[in-house]
Protein chains: 2
Amino acid sequence: MFSKACEYGIKASIFIAINSYEGKRVSPKEIAKEINSPQAFTAKILQALVRHKVINSVKGAYGGFEVNKNELKYIKLSQIVKAIDGDNIYNGCGLGLEKCDENHPCPVHEKFKDVRNELKHMLENTSLEELAMDIKSGISFLKA
Amino acid sequence: MFSKACEYGIKASIFIAINSYEGKRVSPKEIAKEINSPQAFTAKILQALVRHKVINSVKGAYGGFEVNKNELKYIKLSQIVKAIDGDNIYNGCGLGLEKCDENHPCPVHEKFKDVRNELKHMLENTSLEELAMDIKSGISFLKA
DNA sequence: TTTATTTCGGATATTTTTATCCTATTTATA
DNA sequence: TATAAATAGGATAAAAATATCCGAAATAAA
Ligand code: FES
Ligand code: FES
């Protein structure tokens with residue numbers, strides 16, 4: 001469904017969110033340990049999220065990755081997915097036609113669009129804040 | 001969402017279905033032309049579908065790929081997807097945890113499972129027959 | 001039985017994704 | 001200002017997905 005990069009990106013963002021809530025910045029090393037991902041690769045993904053302004057980074061000593069605590073509820077999964085995998089997964093054609101077009105639908109268009117729209121709706125309406133809350137309260141987990 | 005291989009596999013199966021309906025076998029060459037895919041790669045995917053008994057092949061002169069006309073309505077998209085991409089897309093964890101486990105859910109589990117189940121339901125309840133019918137009647141298309 | 005046709009399957013090549021490594025740059029503090 | 005700590009980013013490497021090529025095996029028809 002999502003690329004590895006995107007999975008790491010989502011989990012990393014959640015971990016950053018939790019820490020930002022407590023005013024702490026985190027490093028790729030801490031993140032990779034917490035989400036069970038390759039550190040250097042994770043760092044690259046974080047860079048991409050910074051470029052797309054999903055998260056923020058502070059260089060130098062006492063630096064690290066953070067998100068604005070007040071923006072947590074406005075940062076949606078869709079922003080993370082779009083920054084890393086693009087929006088093809090929730091906007092593109094399920095069978096890889098150049099674009100999904102009502103006037104030139106692929107064989108699964110009518111069936112697929114509902115699934116895709118539900119995915120889109122889910123991604124656009126799920127905030128980093130709620131995901132972070134569930135981790136903090138031990139309801140969900142970032143690694144096996 | 002689906003791999004290229006899977007997209008080709010689905011489209012190829014539909015084209016084979018249409019022809020089988022008229023008692024005709026088709027070659028990888030005809031298929032690749034019709035679905036706009038690389039021929040040799042498509043042939044490999046067809047082999048996989050044959051191994052998984054989703055479609056049937058006949059070697060030698062006047063051979064080709066076919067499906068049993070009477071089974072068309074019982075062949076579901078899920079069989080094709082499972083044969084090529086495996087069932088991770090509609091059974092696995094959205095964030096790549098080893099398995100999707102209600103008792104050890106990832107952050108998106110509650111939100112994701114509905115989407116995934118709708119996808120699963122769609123794949124398991126969409127037959128090759130109905131997809132082929134829509135192509136035959138010009139309602140949908142196999143290529144851009 | 002020979003020939004033409006067609007799928008099968010192994011080997012290889014290319015591209016994309018995933019992953020690692022090393023140096024440059026930035027920045028807080030001593 | 002010097003130092004240590006941290007992200008940025010380029011260069012590579014490894015693995016997986018995508019794609020191509022060719023000979024072997026099977027089969028129908030001449
Ligand atoms: S055209 Fe394929 S999903 Fe809409
Ligand atoms: S545990 Fe991740 S989707 Fe269920």
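Letters A, B, ... mirror the listed sequences (proteins, then strands); counts begin at 1.
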(request) Could you tell me the separation between the CG atom of B:L46 and the P atom of C:dT6, rounded to a whole number of Å? (result) 15 Å

(request) Hey, can you tell me if B:H104 and A:F141 have their rings parallel, tilted or perpendicular (30° and 60° cut-offs)? (result) parallel

(request) Tell me, please, the opening and closing nucleotides of DNA chain D, 5' to 3', among those with an atom under 4.0 angstrom from a non-hydrogen atom of chain A. (result) D:dA5 to D:dA11

(request) State whether the side chain of A:D85 and the backbone N or O of A:S3 hold a donor-acceptor pair below 3.5 Å, judged by distance alone. (result) yes

(message) One thing to verify: whether A:E124 and A:K76 come together as a salt bridge, which I'm taking to mean a side-chain N less than 4.0 angstrom from a carboxylate O.
(response) no

(message) Please check this pair: side chain of A:H121 against backbone of A:N117, looking for a donor-acceptor N/O pair closer than 3.5 Å.
(response) no

(request) Treating Ile, Leu, Val, Met, Phe, Trp and Tyr as nodes and any side-chain heavy-atom pair under 4.5 angstrom as an edge, say whether A:V58 and A:I16 lie in one connected cluster. (result) no

(request) Look at the side-chain heavy atoms of Ile, Leu, Val, Met, Phe, Trp and Tyr, link any pair under 4.5 Å apart, and say whether A:Y90 and A:L97 land in one connected group. (result) no

(request) Identify whether A:Y21 and A:I80 are in the same connected component of the hydrophobic contact network (ILVMFWY, side-chain heavy atoms under 4.5 Å). (result) yes

(request) Identify, residue by residue, the members of residues 35-43 of chain A with a heavy atom below 4.0 Å from DNA chain C, and return them in order of residue number, or none. (result) A:P38, A:A40, A:F41

(request) Please check if any side-chain donor atom of A:E30 sits under 3.5 Å from a side-chain acceptor atom of A:S27, or the reverse. (result) yes

(request) Determine whether B:L128 and B:V50 fall in the same hydrophobic cluster, where Ile, Leu, Val, Met, Phe, Trp and Tyr are linked whenever their side-chain heavy atoms lie under 4.5 Å apart. (result) yes

(message) Tell me every residue that passes salt bridge (charged side-chain N to carboxylate O under 4.0 Å, His left out) with A:E71, counting only those two or more places apart in sequence or in another chain.
(response) none

(request) Give the minimum heavy-atom separation between B:M122 and A:V115, together with the two atoms involved. (result) CB-CG2, 4.2 Å

(request) Give the rounded distance in Å between these two atoms: NZ of B:K24 and C1' of C:dT6. (result) 18 Å

Atom pairs under 3.5 Å, N or O on each side, protein against nucleotides 10-16 of chain C: can you list them with distances?
unit_1, atom_1, unit_2, atom_2, d
C:dG10, O6, B:K44, NZ, 2.4

(message) Does the protein touch nucleotides 22-28 of chain C at the base, only the backbone, or not at all? Give it as B, S and - per nucleotide, heavy atoms under 4.0 Å.
(response) ----BBS

(message) Would you say that more than 12 heavy atoms from the other residues, nucleotides or ligands in this model lie under 6.0 Å from the CD of B:E98, or not?
(response) no

(message) Has B:K11 got a side-chain atom pairing as donor or acceptor with A:L95's backbone, closer than 3.5 angstrom?
(response) yes

(request) Without swapping roles, check the side chain of A:K143 against the backbone of A:S37 for a donor-acceptor pair under 3.5 Å. (result) no

(message) Can you list, in residue-number order, the parts of residues 7-18 of chain A that come under 4.0 Å of DNA chain D, counting heavy atoms only?
(response) none

(request) Name the residue closer to the 5' end of DNA chain C, choosing between A:C6 and B:F65 according to the nucleotide with the nearest heavy atom. (result) B:F65

(message) Taking only side-chain N and O atoms of B:S57, does any of them lie within less than 4.0 angstrom of OP1 or OP2 on C:dT6?
(response) no

(message) Just the rounded figure in Å: distance from P of C:dT17 to CG of A:N88.
(response) 12 Å

(request) Taking atom NZ of B:K33 as the centre, report whether more than 12 heavy atoms of other residues, nucleotides or ligands fall under 6.0 Å from it. (result) no

